[in-house]
Amino acid sequence: MATGQWYPPEWPDRVRALASGDLTPAPPRPAATVMLLRDTPEGPEVHLLRRRTSMPFAAGAYAYPGGGVDPRDHERAIRWAGPPRAAWAARLGVEEAAAQAMVCAAVRETYEEAGVLLAGPSPDTVVGDTTGDDWEADRQALVARDLSFAEFLDRRGLVLRSDLLGAWARWITPEFEPRRYDTFFFVAALPEGQRTRNASTEADRTEWIGPAAAAARYDRGEFVMMPPTIATLRQLAPHRAAADAVAAASGQDLTPVLARARIEDGELVLSWPGHDEFTKHIPSGGPA
């Protein structure tokens, strides 16, 4: 059955090159992405953006707001609320500085790409409105990396609300991809009073949609998605409220998912451990 699985035409050749030892994997960059949820009478909806067809990576695919870690967020003191950095480090399986940077990336990228900010003037509040020219100037400075996230929080007198995030999954881009990311997927509820907008230069559209409805459109081939996006959507679908999904995050398995390529019965087999629906069988001497 045809689905919307993102599958670039150059993958078979790259898989063969990796299998033969002719391709050296690029090191993955640390990254974070956030599954932002809001409640509706029909159940929670998730915020998706569609990557522009001109993008060099995952062009035309639906994804969540996210991006790479800013190295400046490793050591700089951050205004912080919620579980301490040591608790985040234990949950993510990384050192404390890397955990801080990862949580910062999740919050910063959600603000940069969706206009939603998980921060407030005190440890138990969240800003209610992030519109206006002054907010936009700061957002643009963050995007350009002219302003670090710590500097942004200090300038605004804001505290990062790490307690509003739940770590959900960890996926690593396959070794045969030239652009590789070690990405943590987080879940969060849309703060009261805030609203999303398409603030990303990488997206040509955004929409709110129920996880099950988005998965159905993928199954019909209407939405193109990378494996981690559709996999996490299927995991979100059973939850009947945004808060339920955030609460369930603590029980999610964060074992990294990394695609494997092997030769089996004359075929190249591409698989994602624990996710059989994405398995591809590639003829060893020709295109997929």
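All values below come from the heavy atoms of this structure, side chains included, with hydrogens, waters and symmetry mates left out. As the structure is a computational prediction, the values presented were derived from the model and not from experiment.
The minimum heavy-atom distance between A105 and G68, with the atom names listed, is CB-O, 4.1 Å. Residues H74 and V69 approach most closely at CE1-CG1, 3.7 Å, considering heavy atoms.
Shown here are the side-chain hydrogen bond (donor to acceptor under 3.5 Å, both in side chains) partners of R170, two or more places apart in sequence or in another chain: D182. Applying the side-chain hydrogen bond (donor to acceptor under 3.5 Å, both in side chains) criterion to W171, with sequence neighbours excluded, gives no partner residue. Checked against side chain to side chain contact (heavy atoms under 4.5 Å, CB included), R72 has the following partners two or more places apart in sequence or in another chain: D70, R145, S148. Remark: E10 engages no residue in a side-chain hydrogen bond (donor to acceptor under 3.5 Å, both in side chains) (not counting sequence neighbours). Judged as a side chain to side chain contact (heavy atoms under 4.5 Å, CB included), and not counting sequence neighbours, the contacts of R155 are D138, L147. With sequence neighbours excluded, the residues that form a side chain to side chain contact (heavy atoms under 4.5 Å, CB included) with A87 are P83, P84. For the side chain to side chain contact (heavy atoms under 4.5 Å, CB included) test, residues two or more places apart in sequence or in another chain that qualify with V246 are V187.
If you take OG on S271 and NE2 on H281, they are separated by 8.5 Å, rounding to the nearest 0.5 Å. Within the model, atoms CZ of F278 and CH2 of W272 stand 8.0 Å from one another, a figure rounded to the nearest 0.5 Å. Within the model, atoms CG of L254 and CZ of F184 stand 6.5 Å from one another, a figure rounded to the nearest 0.5 Å. Here E151 contributes atom CD and D146 contributes atom CG; the two are 10.0 Å apart, rounded to the nearest 0.5 Å. Here the CG-CG distance, from L36 to L48, works out to 10.5 Å after rounding to the nearest 0.5 Å. Rounding to the nearest 0.5 Å places CG of L165 at 6.0 Å from CZ of F186.
In the displayed structure, D129 atom CG is contacted under 6.0 Å by more than 12 heavy atoms of other residues, nucleotides or ligands. Within 6.0 Å of CD in E264 there are more than 12 heavy atoms belonging to other residues, nucleotides or ligands. No more than 12 heavy atoms of other residues, nucleotides or ligands sit less than 6.0 Å from atom CG of D265.
Remark: the backbone N or O of G60 is not paired with any side-chain donor or acceptor of R50 at under 3.5 angstrom. Between the side chain of E113 and the backbone N or O of G66 there is at least one donor-acceptor pair closer than 3.5 Å. Checked by atom type and distance alone, the side chain of E109 never pairs as donor or acceptor with a backbone atom of T33 at under 3.5 Å. With hydrogens and angles ignored, the 3.5 Å screen pairs no side-chain donor or acceptor of E45 with any backbone N or O of T40. A donor-acceptor pair under 3.5 Å links the side-chain atoms of S162 to the main chain of A81, judged by distance alone. A donor-acceptor pair under 3.5 Å is formed between the side chain of T130 and the backbone N or O of G115.
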Can you give me every donor-acceptor pair (side chain of residues 236-243, partner residue at least two apart or in another chain, under 3.5 Å) with its distance?
| from | atom 1 | to | atom 2 | distance (Å) |
| --- | --- | --- | --- | --- |
| R240 | NH2 | E42 | O | 3.2 |

Would you tabulate the side-chain donor-acceptor contacts of residues 94-103 under 3.5 Å, counting partners in other chains and residues two or more places apart, or write 'none'?
| from | atom 1 | to | atom 2 | distance (Å) |
| --- | --- | --- | --- | --- |
| Q100 | OE1 | R85 | NE | 2.5 |
| Q100 | NE2 | D73 | O | 2.8 |
| Q100 | NE2 | R76 | O | 2.8 |

Only pairs under 3.5 Å count here: list side-chain donor-acceptor contacts from residues 23-31, not counting sequence neighbours, and write none if there are none.
none

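Other members of a hydrophobic cluster containing V269 are absent, since no ILVMFWY side chain comes under 4.5 Å of it, directly or through relayed contacts.
Side-chain N/O atoms of T232 and Y64 include a donor and acceptor closer than 3.5 Å. Inspection of the T196 and W208 side chains reveals an N or O donor paired with an N or O acceptor under 3.5 Å.
In this structure the side chain of F149 reaches within 4.5 angstrom of the side chain of L160, judged on heavy atoms. You'll find the side chain of V127 reaches within 4.5 Å of the side chain of Q194, heavy atoms only. Looking at F176 and L270, their side chains come closer than 4.5 Å, going by heavy atoms from C-beta outward. The closest side-chain heavy-atom distance from P121 to V159 is not below 4.5 Å.
When the options L164, L118, I78 are evaluated for a side chain to side chain contact (heavy atoms under 4.5 Å, CB included) with V107, the one that passes is L118.
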M226 and T173: side-chain contact (heavy atoms from CB on, under 4.5 Å), yes or no, with the steps? CA-CA 10 Å; M226 293 173 282; T173 309; over 6 Å; no

Could you please spell out the steps behind the side-chain contact (heavy atoms from CB on, under 4.5 Å) verdict for H47 and T110? CA-CA 10 Å; H47 181 69; T110 304; over 6 Å; no

What verdict does the side-chain contact (heavy atoms from CB on, under 4.5 Å) test give for F223 and T229, after you've listed the backbone C-alpha separation in whole Å, the side-chain angles of each residue and the deciding distance to 0.1 Å? CA-CA 11 Å; F223 277 9; T229 308; over 6 Å; no

Give the C-alpha distance, both sets of side-chain angles, the deciding distance and a yes or no for side-chain contact (heavy atoms from CB on, under 4.5 Å) between V116 and V34. CA-CA 11 Å; V116 170; V34 177; over 6 Å; no

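Pairs engaging residues 224-238 under the salt bridge (charged side-chain N to carboxylate O under 4.0 Å, His left out) rule: D219-R234, R234-E277 [sequence neighbours left out].
Both L142 and V126 are assigned to one and the same hydrophobic cluster, defined by single-linkage of ILVMFWY side chains at heavy-atom distances under 4.5 Å. Under the 4.5 Å side-chain contact rule for hydrophobic residues, V224 and I209 share a cluster. Under the 4.5 Å side-chain heavy-atom criterion for Ile, Leu, Val, Met, Phe, Trp and Tyr, L92 and L258 are members of distinct hydrophobic clusters.
When ring centroids are compared, Y111 and F152 come within the 6.0 Å threshold.
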